[in-house]
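Have a look at the structure below, then the notes.
Computed from a predicted structure; not experimentally measured. Each chain gets a letter, A, B and so on, in the order the sequences are listed, and its residues count up from 1. Any value given below was found using the heavy atoms of this structure, including those in side chains, with hydrogens, waters and symmetry copies removed.
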Amino acid sequence: MIALVDCNSFYASCEQVFRPDLQNKPVIVLSNNDGCAIAANKHAKALTEIPMFQPIFKIKNLLDENNVSYFSSNYTLYSDMSRRVMNTLRAFSPLVEEYSIDESFVDLSHSTDLDFQNLGSIIKKTVEKNTGIPVGVGIAKTKSLSKLANKFAKKIPENNDVYVVDTEEKRRNLLINLKVKDIWGIGKKHTERLQKINIITALDFAEMPLDWVRKEMTIIGERLWRELNNEICLELNPIPDAKQGIGTAKSFGKKLTDYTLIEEACSFYVSEVADLLRQQKSAATEIEVFLQTNQFSQSDPQYKNKIIVKLYSPTNSTISLTKAALKGLREIYLPGYRYKKVGVNLTHFVPENEIQASLFDEKTKIESEEITKVMDILNNKFGKNKVKLAVVGTREKEWSLIKEHRSPRFTTQWDELLTIGKAE
DNA sequence: TCTGGGGTCCTAGGACCC
DNA sequence: TCTGGGGTCCTAGGACCC
C-alpha cells in the first residue's frame, strides 16, 4: 500500500503555526511581488467570493471586508517546514518520495501495522504534533488511487482526513463520489472532452473502454486508467532525479528601462541557478535568456524576446554562465521599453565529472571554475551572497520583488525567532 | 499603480543514418 | 507501370502538475 500525505493549505498553515491568534480565521498567501492570491486556508476558501489566482488589487476590498489576513510568500519558512514534515514521514517508512513541497508518497508495503485506517490516523496525528501542520492521508494500492483517496479524505468531513482503499467497495465508493477532473493527470482539456461524451465521475472514466483511452489520451491516460483499476504503473521513486532544466524568472518590483539594472538582475538570477546546478553536480551546455515587458499593460508598447546561447563546453561556473547570459541579453535588449521581467534557463545537462572538454577551451574558463569553487567555499562559510560578481551590483532594492507582508523567517534566522511575550 | 513561478512527460514530424 | 526498409536523434508544442 502507498500513502499520499498532503499538507492542508500548506502555505497558509505554515503562517498559522506561528500565529495562534489566527486560528479559525481566514488566511491567504500571495504570490511573488504580492501579485495574486495563491493559497488559502479553509476559512478563506469558504468565502467563495474570493477567487484564487486573481490579482490582489482586484480583491483587496473583499479581503478587508471579510477580515482576511494576508501574507507575502515566505519560501524560506515553507521550505524549512516542509523539511520537518518530510522528516517526520520518514519515521514511518524508509521509502518516501517527496512529490512536491507539501506532499509525499510513503511506501507502506513493509509496515507491520496492517490496520491502515489506524496507521493513517497515527501518521496524521504525528505530523501535526511534530510540526503543527495539519495533513490529509490517502492510502491505496497505486499512486493515482492514493492521490484520489487523499482528495476524498479531505472532501468529506466524516473521513477525518484519512481514507483507505482496501476493498473493492471502498474503491467504487471513492470513484463514484469524485469527478473526472479530480483525477491526478486529467486537466481542463481532457475534462471537457470527457464531459462531452458523458463521462462525469471518476468511475465512469475507470470503466471506459481502454482502447479509447489509449487512442485519445495517449499512454498517460492509459496508465491512469490502469492505476484506478488497481494496477501499478507509476512506481514510487524515493531518490529524486536530477533536474533536466533549471530556470528562474521573476517580475521586477517596478518597471525597468535602465539596461544596467536589468543586467544586474539577470546576473543575480544566473548566480542562483548556477548554484542549484552545482548542487546537483551537473553542467549545462546551453543557457536561455529572455526579457519581456508587462503583457497586461494596455498603454505600454509590448516587446518580448529570448535567445539561446550555446556554451563552447559544458560548465557550471557562475562566471562562464554569467558571461554567456549577458552576451545573450545584450543581443535581445532594445532600448525604449519598460521591462517587467528577465529570466534565465539552464538546459542540456551533463554530469559535471563527465564534461567533454573542448580543444579550444580557454585558460580563463578553467580559471573561472576555480574561482567559482572558492566563492562557494566562502559563501558556505560566511553566508549566501557574501561574495558575488561585481556585475550583480548593490542595487537589488531597485529591481527585487515586493514583499510587503512577509512574516519572519521564524525557523532559520536567529534574529527572527518567535517572541513569546515581551518584558515591559 | 497593481496580474506568480518552477517543473514533468509525451507525441508528431523533420532531418538524418545505413 | 512499378522508386525500400529500418532505424536514431532532436525539437516544438501540448497537456498537465504543484
Side-chain angles (χ1 to χ4, degrees), chain A residues 4-11 28-39 51-61 63 70-75 78-79 82 97-105 143-144 147-148 150-151 180-194 214-224 233-234 237 240-255 269 272-273 276-277 280 285-286 288 290 292-300 302 306 308 310 338 340-349 401-405:
Chain A
L4 188 266
V5 183
D6 182 312
C7 301
N8 303 352
S9 321
F10 182 56
Y11 295 173
I28 67 170
V29 175
L30 309 178
S31 66
N32 275 343
N33 262 337
D34 295 345
C36 306
I38 54 164
M52 286 295 100
F53 298 97
Q54 278 295 302
I56 194 73
F57 69 91
K58 286 191 182 167
I59 57 170
K60 186 108 191 324
N61 289 341
L63 297 180
Y70 47 95
F71 293 88
S72 304
S73 36
N74 183 348
Y75 288 104
Y78 310 151
S79 308
S82 169
E97 175 183 339
E98 290 188 24
Y99 177 68
S100 75
I101 193 168
D102 74 332
E103 64 189 287
S104 270
F105 290 102
K143 278 183 166 182
S144 306
K147 268 294 256 192
L148 219 47
N150 181 287
K151 185 158 275 190
V180 157
K181 72 166 192 317
D182 295 321
I183 301 171
W184 181 44
I186 295 190
K188 214 174 144 211
K189 296 277 175 187
H190 287 316
T191 300
E192 277 170 23
R193 294 182 61 202
L194 289 164
R214 168 69 229 213
K215 189 155 161 279
E216 302 294 325
M217 298 172 67
T218 76
I219 186 76
I220 297 184
E222 173 168 352
R223 287 204 281 248
L224 280 178
C233 297
L234 305 169
N237 181 16
D241 297 331
K243 288 189 173 44
Q244 298 168 19
I246 298 175
T248 192
K250 297 182 189 90
S251 301
F252 305 126
K254 60 183 181 201
K255 308 289 180 306
Y269 295 153
E272 283 191 324
V273 292
L276 295 172
L277 187 65
Q280 74 163 35
T285 58
E286 289 181 8
E288 178 189 51
F290 62 92
Q292 55 185 258
T293 50
N294 179 11
Q295 53 174 328
F296 295 103
S297 171
Q298 304 288 323
S299 50
D300 282 345
Q302 295 290 311
K306 66 173 180 178
I308 291 170
K310 294 193 160 67
R338 302 173 70 228
K340 175 69 177 163
K341 188 193 276 186
V342 71
V344 294
N345 261 318
L346 303 175
T347 55
H348 298 80
F349 297 162
L401 301 167
I402 296 168
K403 284 185 184 289
E404 286 182 356
H405 310 282

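A/Arg214 comes within contact range of the sugar-phosphate backbone alone, with a heavy-atom separation under 4.0 Å but no base atom that close. Across all strands shown, A/Arg193 has no heavy atoms under 4.0 Å from either base or sugar-phosphate atoms. Counting non-hydrogen atoms under 4.0 angstrom, A/Glu103 reaches the backbone sugars and phosphates but no base. Counting any heavy atom pair closer than 4.0 Å across all strands shown, A/Phe53 reaches a base atom. Backbone-only engagement by A/Gln244 is indicated by non-hydrogen atom pairs under 4.0 Å involving sugar-phosphate atoms exclusively. A/Ser73 comes within 4.0 angstrom of nothing in the nucleic acid, heavy atoms only. Using a 4.0 Å heavy-atom criterion, one finds that A/Ile402 contacts no nucleic acid atom at all. Looking at heavy-atom distances under 4.0 Å, A/Leu234 makes no contact with the nucleic acid at all. Within the 4.0 angstrom heavy-atom criterion, no nucleotide atom of any strand lies near A/Lys254. Counting any heavy atom pair closer than 4.0 Å across all strands shown, A/Asn33 reaches no nucleic acid atom.
When the side-chain nitrogen and oxygen atoms of A/Lys340 are compared with OP1 and OP2 of B/dT3, one or more of them lie within a distance under 4.0 Å. Regarding contacts with the backbone of C/dC17, every side-chain N or O of A/Ser100 stays at 4.0 angstrom or more from both OP1 and OP2. Between A/Lys341 and B/dG4, a side-chain N or O to OP1/OP2 separation shorter than 4.0 Å is absent. In this structure, A/Arg223 does not reach the B/dC9 phosphate: none of its side-chain N or O atoms is under 4.0 Å from OP1 or OP2. For the OP1/OP2 pair of C/dT11 and a distance below 4.0 Å, the side-chain nitrogens and oxygens of A/His348 include at least one atom meeting the criterion.
The side chain of A/Ile246 lies closest to B/dG7 when the candidates are B/dC10, C/dC18, B/dG7. Distance from the side chain of A/Pro55 is smallest to B/dT3 among C/dC18, B/dT3, C/dA15. Checking B/dC10, B/dT3, B/dG5 against every side-chain atom of A/Leu401, the shortest atom distance belongs to B/dG5. The listed nucleotides are B/dT3, B/dT8, B/dG5; the one nearest the side chain of A/Asn32 is B/dG5. In this structure, the nucleotide among B/dG7, B/dT3, C/dC18 sitting nearest to the side chain of A/Lys243 is B/dG7. Closest approach to the A/Lys189 side chain among B/dT3, B/dG6, C/dA15 is made by C/dA15 (side chain taken as heavy atoms from C-beta onward).
Shown for residues 215-222 of chain A: residues whose heavy atoms fall under 4.0 angstrom of DNA chain B, namely A/Thr218, A/Ile219, A/Ile220.
Atom pair A/Lys147:NZ and C/dC17:C1' shows a separation of 8 Å (rounding to whole Å applied). At whole-Å resolution of the value, NZ in A/Lys255 and C1' in B/dC2 are 8 Å apart. Between the CD atom of A/Glu272 and the P atom of B/dG5 there is a distance of 12 Å, given to the nearest Å. Counting to the nearest Å, the P atom of C/dC18 and the NZ atom of A/Lys181 are 13 Å from each other. Between A/Leu194 atom CG and C/dA15 atom P there is a gap of 13 Å when expressed in whole angstrom units. The distance between atom NZ of A/Lys58 and atom P of B/dG4, rounded to the nearest whole Å, is 11 Å. In this entry the distance linking NZ of A/Lys188 with P of C/dC17 reads 12 Å, nearest Å. Atom CG in A/Leu277 sits roughly 15 Å away from atom P in B/dG6 (whole-Å rounding).
Under a cut-off of 6.0 angstrom, the local environment of NZ in A/Lys255 is crowded, with over 12 non-hydrogen atoms contributed by other residues, nucleotides or ligands.
Between A/Ser297 and A/Gln302 the shortest heavy-atom distance is O-NE2, 3.5 Å. Closest of all the heavy-atom pairs between A/Arg338 and A/Thr293 is O-CG2, 3.4 Å. Between A/Ser251 and A/Lys341 the shortest heavy-atom distance is OG-CE, 3.7 Å.
Taking the six-membered ring for Trp and thresholds of 30 and 60 degrees, A/Tyr78 and A/Tyr11 have nearly parallel ring planes, at less than 30 degrees apart.
In this structure, A/Glu98 CD and A/Ser82 OG are separated by 6.0 Å, a value rounded to the nearest 0.5 Å. Taken to the nearest 0.5 Å, the CG atom of A/Asn33 stands 8.5 Å off from the NZ atom of A/Lys403. The CZ atom of A/Arg223 sits 9.0 Å away from atom CZ of A/Arg214, with the distance rounded to the nearest 0.5 Å.
In this structure a side-chain-to-backbone donor-acceptor pair under 3.5 Å is present from A/Gln280 to A/Lys243.
Using Watson-Crick or G-U wobble geometry with both donor-acceptor distances under 3.5 Å, B/dC18 finds its partner in C/dG5.
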